[in-house]
Amino acid sequence: MSRSVLQPSQQKLAEKLTILNDRGVGMLTRLYNIKKACGDPKAKPSYLIDKNLESAVKFIVRKFPAVETRNNNSLSDALISLQMVYPRRNLSADQWRNAQLLSLISAPSTMLNPAQSDTMPCEYLSLDAMEKWIIFGFILCHGILNTDATALNLWKLALQSSSCLSLFRDEVFHIHKAAEDLFVNIRGYNKRINDIRECKEAAVSHAGSMHRERRKFLRSALKELATVLSDQPGLLGPKALFVFMALSFARDEIIWLLRHADNMPKKSADDFIDKHIAELIFYMEELRAHVRKYGPVMQRYYVQYLSGFDAVVLNELVQNLSVCPEDESIIMSSFVNTMTSLSVKQVEDGEVFDFRGMRLDWFRLQAYTSVSKASLGLADHRELGKMMNTIIFHTKMVDSLVEMLVETSDLSIFCFYSRAFEKMFQQCLELPSQSRYSIAFPLLCTHFMSCTHELCPEERHHIGDRSLSLCNMFLDEMAKQARNLITDICTEQCTLSDQLLPKHCAKTISQAVNKKSKKQTGKKGEPEREKPGVESMRKNRLVVTNLDKLHTALSELCFSINYVPNMVVWEHTFTPREYLTSHLEIRFTKSIVGMTMYNQATQEIAKPSELLTSVRAYMTVLQSIENYVQIDITRVFNNVLLQQTQHLDSHGEPTITSLYTNWYLETLLRQVSNGHIAYFPAMKAFVNLPTENELTFNAEEYSDISEMRSLSELLGPYGMKFLSESLMWHISSQVAELKKLVVENVDVLTQMRTSFDKPDQMAALFKRLSSVDSVLKRMTIIGVILSFRSLAQEALRDVLSYHIPFLVSSIEDFKDHIPRETDMKVAMNVYELSSAAGLPCEIDPALVVALSSQKSENISPEEEYKIACLLMVFVAVSLPTLASNVMSQYSPAIEGHCNNIHCLAKAINQIAAALFTIHKGSIEDRLKEFLALASSSLLKIGQETDKTTTRNRESVYLLLDMIVQESPFLTMDLLESCFPYVLLRNAYHAVYKQSVTSSA
């Protein structure tokens, strides 16, 4: 056929139609964008307000609705050609089910046979598009409805399926009202008006339930299809048509529901609320993922199909044509040559295929062979048309899989139904059985950019931002829901762990003892307390506990979160698991702090051991999350627990370190200073003393070795270091006050320092001293704080020795073998390392740092050193006054004094070591001087006759022994030279004898 046969208007028809379709979509996009912009005064384009354009706008408004219909016969013929396709697509769910539509396993023997059809492009053609063609087309050429029963039946079938059609995006057209309004003004159309009303009634009454049943069928059909293909992805080759049909069918039903949910007169609201829509979307996404993942498998299959079968069959058809003009012959020969040249190696080499030219040639060929008087009429060679349509489908399976996915399963329309979209998502999360499919909603956000067009670039940012915000919101809500479920499970597990705490076994032990001794206590008929573990005993598998429900709901939701490692939305990558990780970190942080149950008003706080039990129960649950989701829960633990070892977390909120540090300093140790609590060395704990006002807490339950170990486990080395630094800050403030008292008495102390061998002069000078009691009280407070720190350090050492025994032993070995001639700075570095591991040091590095910060600029180093020396003198000469205190009596049972003066031993040694390290003095010499002064002063009270002054003389004598025992710098030989050991022996005998008498 010569090109000259074509009329000028028919030249390049294929190219024109291709461009026109694309431009048409672009214009609609632009018009839609302008309309939406005009709805917002701020966003309204300035050119629409320009008065000079008013006449042009009025002309467009007047002219735009006018429609000229030409070639009614061509249009009606085209529409009637749908009589075989549309009714076949518009079947009920029961008919689909009976036909076993989309099933790969219904006929196992034909499973490997390629899916074929005479009308391949029509099998996955949008039902929505066909209904638009039928309804709008027959409205334009409505005359044929009165003359052709086939046309009328097609039109009525379409009218019964929907109440409205989508014009563009969320713009809908109410078809019954529009058609009725049109026909009411035309004579002789009463029958058509009655038809419209009947169809409207049918649509309102039955369309909802029909589409509901279709969605129900498609859920099971797509599930089966996705399951089979995930197991046997090779079937994507022969059964690709089934995949795209399934996607198209599901997409049509989803869009129908979305369109009608807000625009349908709801006689039965349930038909338009589908709580299982997420499942259908999920299976669509699963099929899309299979196509994307196994694209090379499909390419390999169809490349072989095109070269080995399609090319041969097409060549035979062409050879058998009786008439074949030159141009058509050239085109068809090119088809055969293109397909014959294909090979599997091209797929293996990753070559990019492009058959767009071939498809455009087929479009051209259709144009050439469809015009009147064509030498080769396509209508006379149907086999050629069927074969070419099949070939075109096969080419799309090679080079246009992404475009095919957009064509058959694009759901970017959800971008314009944000409210309905969010409502569906909430319904999905609320229904436990559907929460596993909730990932479908963020995945839909990846579709949104496909609805943009190059003719309207300004809306890309708007749609892109909407896709990002929705995706972020969905993933955030999913993570929150999972976090809440995990929190509920943790709460249940913490309750179960709490039942195993030692405090709860007292009643059980009591009952057992009473039962053994046959004592009847309590009320008759009192129910026996259930023992921990009863909840795990099931008599019936059908019994479901709350914990079972929580675990089931969590596993379902975690499946969704774990479904994809990441997704790309508008060039932004989202990782669902990171949302969950982030929320778990925040919630774990809040939960740990919350579980301390700290009450600032009443100063109540959870015992460290109980908090540790709860935290471990919480961590066990979090650890089990790794069974559901591929997240690094260890990273969560590290981030959260390391933050809890600091004073404030990353959000500036208080941590358990700050809460416990404040509580021990401001509550427990303050009550020690007030005389309500004493440190018992024998028990290595602080214990409440009997007082008029009972304390709200038992100090022993917060300070014994098990509690301090639990505290060390919780706070770790960093947290314990912060606790130590806080304790040292309090000590430094006491030392600052002590220095002020020394300065007030500096002259007297200077004389006493050199007169310790002159008893009369010492007695006279002592009377001139002021604030003696204050010095002893402050030193006792320092001793108490250091005793508490010693407990904390010992607990830390025990904990670290359990967790990192080799490292701790290495540090200990390093510390124990520091040569004496080592530079003090180097030695202090070693001490600092040792102290961080909880090891005791001759010189406390934390105390040295705290006291170093007190150096005053107005006082010379020599003066500072003198004050330090005189402080030791002040303490030494003040010790005898303790003998007159009733509370100074030594108790062998607790290995200390009830007024905590036994803590002076630690205070004197530690303060001396720190001060003389700072001032580069000899610690040993200064302590010898202290011992000489102290022993001399204490020997004097042995000569006193006043019983009030000497009532606890023996108990105070023991302080000297404690100081020497505590000191790494003093020896018993040195004490023997200053203070006869016989006095110490007699003092021990006296206090033990007095203790036995008191007990009797």
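Below, all heavy atoms of this structure are taken into account, side chains as well, without hydrogens, waters or symmetry copies.
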Item to check | E812 CD to L839 CG distance, which is reported to the nearest 0.5 Å | outcome: 5.0 Å
Next on the checklist: Less than 4.5 Å apart, side chain to side chain, heavy atoms only: is that true for M567 and P442?
Outcome noted: yes
Item to check | Test item: Y563 and R436 side chains (from C-beta on) under 4.5 Å apart, heavy atoms | outcome: no
Checklist entry - Can you check whether S658's main-chain N or O pairs, donor with acceptor, with N662's side chain at less than 3.5 Å? => result yes
Checklist entry - Any side-chain heavy atom of I625 sitting closer than 4.5 Å to one from L554? => result yes
Next on the checklist: Give me the atom names and distance for the closest heavy-atom approach of T634 to E626.
Outcome noted: N-OE2, 4.2 Å
Item to check | Qualifying salt bridge (charged side-chain N to carboxylate O under 4.0 Å, His left out) pairs with a residue from residues 704-722, counting only residues at least two apart or across chains | outcome: R616-E713, R709-D798
Next on the checklist: Quick test of your reading: applying salt bridge (charged side-chain N to carboxylate O under 4.0 Å, His left out), list the pairs with at least one residue in residues 639-668, sequence neighbours left out, ordered by first then second residue.
Outcome noted: E666-R670
Next on the checklist: For Q623, is the CD atom crowded, meaning more than 12 foreign heavy atoms sit under 6.0 Å from it?
Outcome noted: yes
Next on the checklist: Which residue in the set W663, Y664, F686, Y660 passes ring-ring contact (aromatic ring centres under 6.0 Å, His included) when paired with Y702?
Outcome noted: W663
Checklist entry - How far does CD of Q646 sit from OH of Y718, to the nearest 0.5 angstrom? => result 7.5 Å
Next on the checklist: When you compare the side chain of D816 with that of D813, does any pair of heavy atoms fall below 4.5 Å?
Outcome noted: no
Checklist entry - Yes or no on side-chain contact (heavy atoms from CB on, under 4.5 Å) for F637 and M619, after CA distance, side-chain angles and deciding distance? => result CA-CA 8 Å; F637 292 159; M619 290 173 69; 3.8 Å; yes
Item to check | Approximate separation, where rounding is to 0.5 Å, of M708 CE and L796 CG | outcome: 10.0 Å
Item to check | Interatomic spacing from NZ in K503 to CD in E610 - rounded to 0.5 Å | outcome: 3.5 Å
Checklist outcome for this item: Of all heavy-atom pairs linking V593 and T655, the shortest is CG2-CA, 4.4 Å
Item to check | Criterion side-chain contact (heavy atoms from CB on, under 4.5 Å) on L665 and F788, from CA distance to verdict | outcome: CA-CA 10 Å; L665 281 169; F788 176 75; over 6 Å; no
Checklist entry - Can you tell me if S852 uses its side chain to pair, donor with acceptor, with the backbone of V848 under 3.5 Å? => result yes
Item to check | Residue list, ring-ring contact (aromatic ring centres under 6.0 Å, His included) with Y890, at least two apart or on another chain | outcome: H897
Checklist entry - Residues in salt bridge (charged side-chain N to carboxylate O under 4.0 Å, His left out) with R587, at least two apart? => result none
Item to check | side-chain hydrogen bond (donor to acceptor under 3.5 Å, both in side chains) between S438 and S560, worked out | outcome: CA-CA 6 Å; S438 55; S560 195; 3.1 Å; yes
Item to check | Under 3.5 Å side-chain donor-acceptor pair for T613 and S497 | outcome: no
Checklist entry - Does E604 use its side chain to pair, donor to acceptor, with the backbone of N599 at less than 3.5 Å? => result no
Next on the checklist: Quick check against the 3.5 Å criterion: does S555 have a side-chain atom that pairs as donor or acceptor with the backbone of T552?
Outcome noted: yes
Checklist entry - How far apart are the closest heavy atoms of I923 and A913, and which atoms are they? => result CD1-O, 3.6 Å
Checklist entry - Between I731 and I911, is any pair of side-chain heavy atoms under 4.5 Å apart? => result yes
Item to check | Sub-4.5 Å side-chain heavy-atom contact between T645 and L715 | outcome: no
Item to check | Min side-chain heavy-atom separation I633-V636 under 4.5 Å | outcome: yes
Next on the checklist: Can you confirm whether the side chains of N909 and E966 place a donor and an acceptor under 3.5 Å from each other?
Outcome noted: no
Checklist entry - Is a side-chain N or O of S967 found less than 3.5 angstrom from the main chain of V964, in a donor-acceptor match? => result no
Can you list, pair by pair, the side-chain donor-acceptor contacts under 3.5 Å of residues 776-787, counting residues two or more places apart and other chains?
from	atom 1	to	atom 2	distance (Å)
R778	NH1	Q734	OE1	2.8
T780	OG1	L776	O	2.6
S787	OG	G783	O	2.8

Checklist entry - Is there a side-chain contact (heavy atoms from CB on, under 4.5 Å) between T696 and Q603 once you walk through the steps? => result CA-CA 9 Å; T696 57; Q603 287 298 305; over 6 Å; no
Checklist entry - Just how far is it from atom CD of Q910 to atom CG of L915, taken to the nearest 0.5 Å? => result 11.5 Å
Next on the checklist: Treating N900 as the side-chain partner and C903 as the backbone partner, does any N or O pair qualify as donor plus acceptor under 3.5 Å?
Outcome noted: no
Item to check | Test side-chain contact (heavy atoms from CB on, under 4.5 Å) applied to L669 and L727, step by step | outcome: CA-CA 10 Å; L669 293 178; L727 293 170; 3.7 Å; yes
Checklist entry - For the atom pair CG (L429) and CD (E477), what is the distance rounded to the nearest 0.5 Å? => result 7.0 Å
Item to check | L668 backbone acceptor or donor facing Q671 side chain under 3.5 Å | outcome: no
Item to check | Shortest non-hydrogen contact from I818 toward K815 | outcome: CG1-O, 3.3 Å
Next on the checklist: Can you confirm whether the side chains of E556 and S435 place a donor and an acceptor under 3.5 Å from each other?
Outcome noted: no
Next on the checklist: Main chain of H676, side chain of N674: is a donor-acceptor contact present, judged purely on distance under 3.5 Å?
Outcome noted: no
Checklist entry - Between E578 and R635, is the closest basic N to carboxylate O distance under 4.0 Å? => result yes
Item to check | Heavy-atom check, side chain of I561 versus side chain of I631, under 4.5 Å | outcome: no
Item to check | Minimum heavy-atom distance L791-S703, with the two atoms named | outcome: CD1-O, 3.7 Å
Checklist outcome for this item: Heavy-atom closest pair (A482 atom, L557 atom, distance to 0.1 Å) is N-CD2, 3.3 Å
Show the atom names and distances, to 0.1 Å, of all donor-acceptor pairs under 3.5 Å that link a side chain in residues 830-838 to residues at least two apart or in another chain.
from	atom 1	to	atom 2	distance (Å)
S834	OG	V830	O	2.9
S835	OG	R789	NH2	3.1
S835	OG	Q793	NE2	3.4

